[in-house]
Amino acid sequence: MHLAAATFALLSSPMRPHIVWALAHRENDVSQPARRVGGTPQAVSQHLAKLKLAGVVQARGQARLSVYRAVGPHLVTAATLMPERLTQDVAPATLGA
């Protein structure tokens, strides 16, 4: 249960599941996920650092850039299923709608 709680905590920021999802489909530098999630490269970079520390993404150097890819298959699945499934199970009033 502690691992499940830690996973939900890691994905609690709305940007992080989106970043994981995007990198699961295609590795890229920070600019593409930033455009995709609508965040600044600086903000996405901070989220990537946390995801990297957790072992969810890996980075490799390419020229002067870091290229990221998702490597945590269970978190990729969670990041994909959370928006699709969990929001169907929660009443709109509890989501702040």
- [ ] Not counting sequence neighbours, which residues clear side chain to side chain donor-acceptor pair (under 3.5 Å) with Ser45? List them please.
- [x] none

Open item on the list: My understanding is that only residues two or more places apart in sequence, or in another chain, count here; which of them pass side chain to side chain donor-acceptor pair (under 3.5 Å) with Arg35?
Closed with: Gln32

Task: Smallest separation among heavy atoms of Asp29 and Pro33, with atom names - done: O-CD, 2.9 Å

Open item on the list: To the closest 0.5 Å, what do you measure between OG (Ser13) and CG (Leu51)?
Closed with: 9.0 Å

Open item on the list: Show me the pairs that pass salt bridge (charged side-chain N to carboxylate O under 4.0 Å, His left out) and involve residues 54-63, at least two apart or across chains.
Closed with: Glu27-Arg60

- [ ] Starting at CG of Asn28, measure out to OH of Tyr68 and round the result to the nearest 0.5 Å.
- [x] 11.5 Å

Open item on the list: Restricting to side chain to side chain donor-acceptor pair (under 3.5 Å), what partner residues turn up for His47, sequence neighbours left out?
Closed with: Arg16

- [ ] Quick one: list whatever passes side-chain contact (heavy atoms from CB on, under 4.5 Å) with Ala34, sequence neighbours left out.
- [x] Pro41, Val44

TODO: Could I get the full list of side chain to side chain donor-acceptor pair (under 3.5 Å) partners for Gln58, not counting sequence neighbours?
DONE: Arg69

Task: Leu23 side chain reached by Leu48 side chain, heavy atoms, under 4.5 Å - done: yes

Task: Atom of Pro14, atom of Pro17 and distance for their closest heavy-atom approach - done: O-CD, 3.6 Å

TODO: Please report the closest heavy-atom contact between Leu10 and Lys50, naming both atoms and the distance.
DONE: CD1-O, 4.3 Å

